[in-house]
Amino acid sequence: MIELQHLEKRYGDAFAVRDLNLVFPAGELTALLGPSGCGKTTTLRMINRLIEPTGGRVLLGGRDTRDFRPEELRRGIGYVIQQIGLFPHLSVAQNVATVPELLGWDRRRTARRVDELLELVGLDPAVYRIKKPAELSGGQAQRVGVARALAADPPVLLMDEPFGALDPLARDHLQEAFREIQRRLNKTVVLVTHDIDEALRLGDRIALMQAGSLAQFGSPDDLIHRPAGPFVRQFLGEDAALRQLAGRIAAEFVRPGDPSGLPVIEGTLDARSALGVMLREGTDALAVKRDGLFLGVLRWEELRTQEARA
Ligand code: ADP
Ligand code: MG
């Protein structure tokens, strides 16, 4: 668990971050969301002490980060940034092995770990181990960056707009891949983004910042259905409920019911398209099937209230 207590960063008379109080729950992904310049990056970099606060403190597992040795912090906290900064002259494997080597792991353990991580992020080790960063697409390089950040198995992962520089298709893929990874690893993740869709899609919780302060902390559902004020409502926008469907598929919303007579869709259809089918067909329910079998019924109400089942 990461706890920010009265955290502050001031440059001259200007506050980049002001009296920020926040708890990032262990094992969850919290999206640190907000418009450009609201203090997200500054907050993130105060957690791993790349930036020194001018006030307040950061607790990591209950312990003040000032009491950690720098290498302890580096090992305990993975860090992923937008321009990942892979070492261009090193191979993919050598890039991923940076931290294990700093920690003095032996060759075999390091090699095993590298392969395991490349597989985890969806890169075939036999193909990618020996490649150089210049031979990778943006999405592949970002996967290597994630693998590198996870190398020493840190309990905490800080990510600053990690998918920001990718084209929409690569971003979708990588977000999906990362969701899978997080489902398995349950790291305590703080993901900085200015992209509402990304926050709704990946965040167990969202901390929405406004001008260095916290505007609202809550689940995606809280922010959409119980916005703390006009700024939150305005930032999320009119179609906030629809946005929450981003990245979800119809099968996630299916309930038992009689499918007879209803238009049929595949369970793998994304939820927003399913909503589109309802509008087109003038119906408030669809029959959902997968592999030729009926899964059940998808109702308009179910999509609207966002009560997806796992
Ligand atoms: P975000 O990541 O949300 O876009 P930042 O945390 O980078 O925002 O910046 C927050 C505010 O602090 C901005 O107004 C920015 O101009 C200011 N700021 C950031 N770094 C510095 C610095 N080194 N000196 C002066 N002002 C800074
Ligand atoms: Mg930033």
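Order of appearance sets the numbers: ligands from 1, and atoms from 1 within every ligand.
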(request) Evaluate the 4.0 Å heavy atom contact test for atom 15 (C) of ligand 1: does a protein atom fall under the cut-off? (result) no

(request) Would you confirm whether any non-hydrogen atom of the protein falls under 4.0 Å from atom 26 (N) of ligand 1? (result) yes

(request) Check whether any N or O atom of G39, backbone or side chain, sits under 3.5 Å from an N or O atom of ligand 1, and answer yes or no. (result) yes

(message) Does ligand 1 come near enough to T43 that some N or O of the ligand is less than 3.5 Å from an N or O of the residue?
(response)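 It does not: no N or O of T43 is found under 3.5 Å from an N or O of ligand 1.
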
(request) Only heavy atoms count here, so choose which of G37, P35, S36 is nearest to atom 13 (C) of ligand 1. (result)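 Among G37, P35, S36, the closest heavy atom to atom 13 (C) of ligand 1 comes from G37.
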
(message) Looking at non-hydrogen atoms alone, which of V17, L33, T42, V192 comes nearest to atom 9 (O) of ligand 1?
(response)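 Shortest heavy-atom distance from atom 9 (O) of ligand 1: T42.
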
(message) Is it the case that the side chains of D221 and S219 hold a donor-acceptor pair, with the cut-off being a distance below 3.5 Å and no angle test?
(response)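 On atom types as modelled, these side chains do not qualify, holding no pair under 3.5 Å.
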
(request) Run through the side-chain heavy atoms of Ile, Leu, Val, Met, Phe, Trp and Tyr, join any pair under 4.5 Å, and report what else lands in W105's cluster. (result)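 Members other than W105 - counting any ILVMFWY side chain reachable under 4.5 Å - are V99, L103.
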
(request) Run the salt-bridge test on D67 and R57 with the 4.0 Å N-O cut-off and return the result as yes or no. (result) no

(message) Any heavy-atom pair between the side chains of L33 and F235 that's under 4.5 Å?
(response)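 A side-chain contact exists here, since the closest heavy-atom pair is under 4.5 Å.
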
(request) Compare all side-chain heavy atoms of V23 with those of E3 and state whether any distance is below 4.5 angstrom. (result)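 Yes, side chains in contact.
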
May I ask you to identify the nearest protein heavy atom to [atom], giving residue, atom name and distance to one decimal place in Å?
atom: atom 7 (O) of ligand 1; result: T41 CB, 3.8 Å
atom: atom 24 (N) of ligand 1; result: Y11 CD2, 3.4 Å
atom: atom 12 (O) of ligand 1; result: A16 CB, 3.2 Å

(message) Distance check, rounded to the nearest 0.5 Å: K40 atom NZ versus T193 atom OG1?
(response) 8.0 Å

(request) Apply the test side-chain contact (heavy atoms from CB on, under 4.5 Å) to residues F87 and R148: give CA-CA distance (whole Å), side-chain angles for both, the deciding distance (0.1 Å), then the verdict. (result) CA-CA 11 Å; F87 303 116; R148 185 169 69 175; 3.6 Å; yes

(message) Let me check your reading of the structure: within less than 2.8 Å of the Mg ion (ligand 2), is there an N/O/S atom from T42?
(response) no

(message) Between ligand 1 and G34, can you find any atom pair, the residue atom being a heavy atom, that is separated by under 4.0 Å?
(response) no

(request) Mind listing the closest non-hydrogen atom pair of P25 and R205 along with its distance? (result) CG-NE, 4.0 Å

